[in-house]
Asker: 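Please find one structure pasted underneath; my questions will follow.
FYI, the numbering just counts along the sequence from 1. In listed order, ligands and their atoms are each counted from 1.
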Amino acid sequence: MNVSDERTVSLWAKIDVAPDAVPLERNEQVDVVVVGSGIAGLSVAYELAVAGQKVAVLDRGRIGSGMTARTTAHLSSICDDYFSELIKLRGEELARIYYRSQSASIDRIQSIQETEGIACDFRRLDGFLFPASGRRESVIERELDAARKIDLDVEKAVGVPFVGFWDTPALRYANQATFHPLKYLRGLAAGIRARGGVLYADTIVDKVEEIDGGVRITTVSGFAVSARSAVVATNSPINDRAALHTKQAPYRTFAMAFEIAHDVLPDALYWDTLDPYHYVRLQPGEGKTDFLIVGGEDHKTGQADDADDRFAGLAAWIKNLVPEIGIETNRWSGQVMESVDYAGFIGRNPGNRHVFVVTGDSGQGITHGVGAGLLISDLILKGESPWRELYEPSRKTVRAIGDYLAENATAIRSFAEYITPGEMDSADKLRPGQGAIVREGLTKIAAFRDEDGTLHKHSAACTHVGCHVHWNSLERCWDCPCHGSHFAVDGTALNGPAVSPLASME
Ligand SMILES: Cc1cc2nc3c(=O)[nH]c(=O)nc-3n(C[C@H](O)[C@H](O)[C@H](O)COP(=O)(O)OP(=O)(O)OC[C@H]3O[C@@H](n4cnc5c(N)ncnc54)[C@H](O)[C@@H]3O)c2cc1C
Ligand code: FES
């Protein structure tokens with residue numbers, strides 16, 4: 001989804017990562033082809049370019065205009081689903097590797113921005129986990145215990161600088177960080193190009209295949225890139241129907257930015273113990289004003305259409321805690337892929353030898369994406385990575401069966417919608433700017449009336465594997481609850497895994 005959409009503009013929207021990138025208009029041969037130019041795709045391409053590989057990166061939109069352009073960019077090595085839970089699912093050793101690998105990603109960002117000279121507001125800071133209620137909460141004790149088991153740098157703190165939370169018990173995690181994500185991506189893109197890599201924008205990839213001991217990817221416009229290896233970094237993988245998509249679920253998440261004077265709040269990362277949790281951090285502004293970024297209020301994609309209420313909830317929450325905040329400058333939403341066992345899927349694509357994948361970022365996609373650069377480049381260049389087992393895409397975590405069944409119930413409900421009535425009995429009733437699902441005979445129609453009265457009618461069946469899309473009035477797009485595809489009102493696929501547009505019913 002493009003950050004320039006008027007209705008949802010992130011704080012970073014003004015930065016174009018590579019404004020001169022053009023579409024692919026000939027066949028190419030490289031060492032590694034990367035599909036997707038978010039933090040994951042560009043990090044993988046950068047590591048391989050540094051190692052002397054010839055890389056090509058292709059993106060369906062502008063470079064870096066996917067979910068990375070909507071992030072809030074907490075760079076945290078702490079599992080946001082809790083280390084106590086990760087230990088239960090995967091054991092102490094893999095939880096320790098999680099912490100070390102995520103920490104290594106932050107270290108890598110620090111060293112890349114230093115060596116490439118990227119001015120991206122990177123800074124190290126503390127992260128604070130505090131109880132949502134302000135009272136003593138057992139989760140703080142549990143997480144302290146879990147942290148000690150895996151040798152994590154943590155200490156008990158008293159209070160966070162929010163009204164009503166001065167003396168609450170909290171955990172202070174050292175060596176966390178933050179940055180400006182698109183200034184960083186811009187520097188990464190320049191670093192790739194300086195080493196002979198090429199970036200193609202506005203180039204939709206619709207096929208990834210293994211062929212003659214290598215790979216070939218094909219674009220909708222009919223061109224191909226051949227390579228020894230391919231990396232699919234499309235956030236929600238376009239080359240998978242079920243193997244990965246049944247182990248992760250898409251969630252919509254919401255963020256807002258407010259002006260705040262310098263020195264009102266100590267520069268740190270803060271997040272609470274609610275589910276979904278709230279999170280807060282600062283971003284330097286110009287002059288005497290900074291920005292406070294707050295996020296949370298997540299819901300499963302397609303299962304609510306109440307963004308105004310969610311923004312109102314976020315604003316009320318932060319105004320209670322930090323009454324000094326000034327005017328709201330931005331509000332936006334995006335999507336994260338939650339994996340059933342809390343770690344991403346990074347490595348060889350199930351069933352392939354030369355195709356690699358990165359997905360399942362669990363709301364920590366920036367550090368996962370940078371880590372993918374290290375892990376996948378190790379697999380391609382050395383054949384092994386010390387983090388392989390933790391992030392292995394083909395893994396089955398038996399202890400996560402409960403979440404697996406709960407998340408996949410969405411698909412069953414969605415297929416049941418083939419026989420339920422529409423939300424509206426006739427598309428004629430749609431007001432300008434409104435979208436709804438309408439039944440016409442045996443077919444469900446995704447109907448939208450634009451401002452000049454024209455009705456746009458498409459099949460409501462998602463072109464990935466056929467779940468029913470739902471209207472998102474904030475973004476004015478159709479969201480698929482099953483695996484995270486988004487479609488524009490003209491049917492165009494905006495977000496993977498779908499590549500093809502919704503079928504026209506006009
Ligand atoms: C509101 C919000 C707050 C967040 N906060 C944090 C945070 O504080 N910390 C954190 O670590 N993470 C956070 N995340 C998560 C993190 O931002 C994302 O997980 C991460 O940016 C995803 O990066 P990516 O490279 O995998 O995907 P993207 O940035 O989405 O890149 C994928 C690219 O693939 C392209 N693509 C898709 N299909 C095709 C195709 N068929 N052909 C060619 N190209 C294609 C897309 O156009 C896109 O540019 C947040 C996310 C959101 C939405
Ligand atoms: S995203 Fe898989 S069916 Fe829609």
Asker: Judging by distance only, is a nitrogen or oxygen of Asn235 under 3.5 angstrom from one on ligand 1?
Answerer: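 N/O-N/O distance below 3.5 Å exists for this pair.
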Asker: Within less than 2.8 Å of atom 2 (Fe) of ligand 2, any N, O or S from Cys467?
Answerer: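 So Cys467 does not bind atom 2 (Fe) of ligand 2 by this criterion.
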Asker: Please determine which of Arg252, His470, Gln335 meets the side-chain hydrogen bond (donor to acceptor under 3.5 Å, both in side chains) test together with Asp479.
Answerer: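 Filter result, single survivor: Arg252.
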Asker: Phe254: which residues meet the ring pair (Phe, Tyr, Trp, His ring centres under 6.0 Å) condition with it, sequence neighbours left out?
Answerer: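 Here the qualifying residues are His299, Phe311.
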Asker: Test ring-ring contact (aromatic ring centres under 6.0 Å, His included) on Phe130 and Phe162 and set out the steps.
Answerer: CA-CA 10 Å; Phe130 65 99; Phe162 297 140; 5.4 Å; yes
Asker: Heavy-atom contacts under 4.0 Å between Asp59 and ligand 1: side chain, backbone, both, or neither?
Answerer: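 The answer is both.
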Asker: May I ask you to list the atoms of ligand 2 that are less than 4.0 angstrom from any heavy atom of Pro497?
Answerer: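 Per the distance check, 1 (S).
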Asker: Measure Asp361 to ligand 1 on non-hydrogen atoms and call it side chain, backbone, both or neither using the 4.0 Å cut-off.
Answerer: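 The side chain, only.
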Asker: Side chain, backbone, both or neither: which part of Thr203 comes within less than 4.0 Å of ligand 1 when only heavy atoms are counted?
Answerer: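 For Thr203, the contact with ligand 1 is made by the backbone alone.
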Asker: Identify which one of Gln176, Gln364, Gln102 satisfies the side-chain hydrogen bond (donor to acceptor under 3.5 Å, both in side chains) criterion when paired with Ser77.
Answerer: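 Of all the options given, the one that passes is Gln176.
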Asker: Checking one value in my table: which N/O/S atom of His483 lies closest to atom 2 (Fe) of ligand 2?
Answerer: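 Nearest N/O/S atom: ND1.
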Asker: Does Tyr200 have any side-chain hydrogen bond (donor to acceptor under 3.5 Å, both in side chains) partners at least two apart in sequence or in another chain, and if so, which?
Answerer: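 Testing Tyr200 for side-chain hydrogen bond (donor to acceptor under 3.5 Å, both in side chains), a comparison that skips the adjacent residues, returns Glu28.
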Asker: For atom 2 (Fe) of ligand 2, what is the closest N, O or S atom on His464?
Answerer: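 Result: ND1.
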Asker: So do the side chains of Trp471 and Trp478 get within less than 4.5 Å of each other, counting heavy atoms only?
Answerer: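 Of all side-chain heavy-atom pairs linking Trp478 with Trp471, at least one is under 4.5 Å.
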Asker: One residue to check: Phe254. Relative to ligand 1, which of side chain, backbone, both or neither has a non-hydrogen atom less than 4.0 Å away?
Answerer: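 No part of Phe254 comes within reach of ligand 1.
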Asker: Using a strict 4.0 Å cut-off to heavy atoms of Cys462, name the atoms of ligand 2 that fall inside it.
Answerer: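 Those of ligand 2 that fall under 4.0 Å from Cys462 are 1 (S), 3 (S), 4 (Fe).
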